[in-house]
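Heads up, the thing below is written out as structure tokens.
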2 protein chains.
Amino acid sequence: MSDLLQRLRGRGWRLTSQRRVVAEVLDGDHVHLTADEVHLRAAERLPEISRATVYNTLGELVTLGEVVEVSTVGRAKRYDPNARRPHQHLVCSGCGAVRDVHPVGDALGDLPEAERFGFTVGSVEITYRGLCPACS
Amino acid sequence: MSDLLQRLRGRGWRLTSQRRVVAEVLDGDHVHLTADEVHLRAAERLPEISRATVYNTLGELVTLGEVVEVSTVGRAKRYDPNARRPHQHLVCSGCGAVRDVHPVGDALGDLPEAERFGFTVGSVEITYRGLCPACS
DNA sequence: TCTTGACTTGGACGAAGTCCATCGTAGGAT
DNA sequence: ATCCTACGATGGACTTCGTCCAAGTCAAGA
């Protein structure tokens, strides 16, 4: 993640303490925090950081393709920093916990031409749903 | 969809005019309305219907498995009445248009046991993203 | 037709997220 | 090393989406 900061700087990002802290909070595997959780953890290191800044920074990271928003049904968005390595998600219907998973197969290829309706299909997002060991 | 009302009645649903109107609004293929859109259209036929009733009814239809919530990133939930026929979605990144699609293959089976982390995996939701003919 | 409990209503409430005017500061210019 | 200034941070108001609740209404069985 530390080279993330380098990369962003190369793209003209001004490197503020707030952005550094948000990037640090997002470091690691199987990290799928909500914006509020990111704010909470960032505030442990930088107590005066505002919610708006966290939202702004997360939005910029998403635009730059460094972080992916994980779609959730009826819950707050979660942010996944592991955007460079393609993967899918397994979500607990009970508690909302998220794991990264790597299915085999070729989901993109599984969509027949006749089912594309003239769309230029670029990506596919797969969400497995179930109950985690604690919730079942 | 008209037999939907019969089925629901068989399950002990009290058949009110509000519920009838919501079910009628949801009739058809490629219907993916937000709760507010459902409310708007229902109100054209039954002006006094309340938002709370629309939310309640949609929630009940989801619980009964007659309607599926389509997860969206950052926008209001959409409700898909075509729940009996399993299908996935193709979403235009430009205008947000949604089409129902039927990929081949077995996405559930494509998730290896080692990638399930002890979860009881029950369903899989696939979203293809791309540009529709009008947007590309 | 009567009765009753399930259903509806509208407004208050809450969570998640955006907007905006103002202030602060990173980092290039001098 | 210091100055400048445009980019970024702040926090509070606001919006959107959705839930909750007490009181009133009505579908459908007796």
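All chains are named by letter (A, B, ...) in the order of the sequence lines, taking the proteins before the strands, and each is independently numbered beginning at 1. Scope of the values below: all heavy atoms of this structure, side chains included, with no hydrogens, waters or symmetry mates. These figures come from a predicted structure and were not determined experimentally.
At whole-Å resolution of the value, CG in A:Asn56 and P in C:dC20 are 13 Å apart. In this structure, CD1 of B:Ile49 is placed 12 Å from C1' of C:dC7, rounded to the nearest angstrom. Summarising the geometry, the separation between CG on B:Leu8 and C1' on D:dA27 is reported as 15 Å, rounded to the nearest angstrom. Atom CG in A:Leu58 sits roughly 12 Å away from atom C1' in C:dG17 (whole-Å rounding). As rounded to whole Å, 18 Å separates atom P of C:dA6 from atom CZ of B:Arg11. As rounded to whole Å, 21 Å separates atom P of C:dG5 from atom CG of B:Leu15. Residue A:His39 contributes atom NE2, which lies 16 Å from atom P of C:dA15 at whole-angstrom precision. The distance from atom CZ of B:Arg51 to atom C1' of D:dC17 is 7 Å, rounded to the nearest whole Å.
Both B:Gln18 and A:Ala76 lie close to DNA chain C; mapped to their nearest nucleotides by heavy-atom distance, the more 5′-ward contact belongs to B:Gln18. Nearer to the 5' terminus of DNA chain D, by closest-nucleotide assignment, is the contact made by B:Lys77 (compared with the other of B:Lys77 and B:Thr16). When each of A:Val54 and B:Thr34 is assigned the nucleotide of DNA chain D bearing its nearest heavy atom, the one mapping closer to the 5' terminus is A:Val54.
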Open item on the list: What verdict does the side chain to side chain contact (heavy atoms under 4.5 Å, CB included) test give for B:Gln18 and B:Thr57, after you've listed the backbone C-alpha separation in whole Å, the side-chain angles of each residue and the deciding distance to 0.1 Å?
Closed with: CA-CA 9 Å; B:Gln18 291 85 348; B:Thr57 305; 5.7 Å; no

- [ ] Take B:Val31 and B:Tyr79 through the side chain to side chain contact (heavy atoms under 4.5 Å, CB included) test and state the conclusion after the steps.
- [x] CA-CA 8 Å; B:Val31 170; B:Tyr79 292 87; over 6 Å; no

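Of the candidates C:dG10, C:dG17, D:dC17, D:dC17 carries the atom nearest the B:Asp36 side chain, counting heavy atoms from C-beta on. Residue B:Tyr55 places its side chain closer to D:dT19 than to any other of D:dG11, D:dT19, C:dT9.
Surrounding CZ of B:Arg41 are at most 12 heavy atoms belonging to other residues, nucleotides or ligands under 6.0 Å away.
The shortest side-chain heavy-atom distance between B:His89 and B:Asp80 falls under the 4.5 Å cut-off.
Between the side chain of B:Arg14 and the base of C:dA6, at least one donor-acceptor pair of N or O atoms lies under 3.5 Å.
With rounding to the nearest 0.5 angstrom, the CG atom of A:Asn82 is 5.0 Å from the NE2 atom of A:His87.
Using a 4.0 Å heavy-atom cutoff across all strands shown, A:Thr53 reaches at least one base atom of the nucleic acid. Within the 4.0 angstrom heavy-atom criterion, only backbone atoms of the sugar-phosphate kind lie near B:Arg19; the bases stay farther away.
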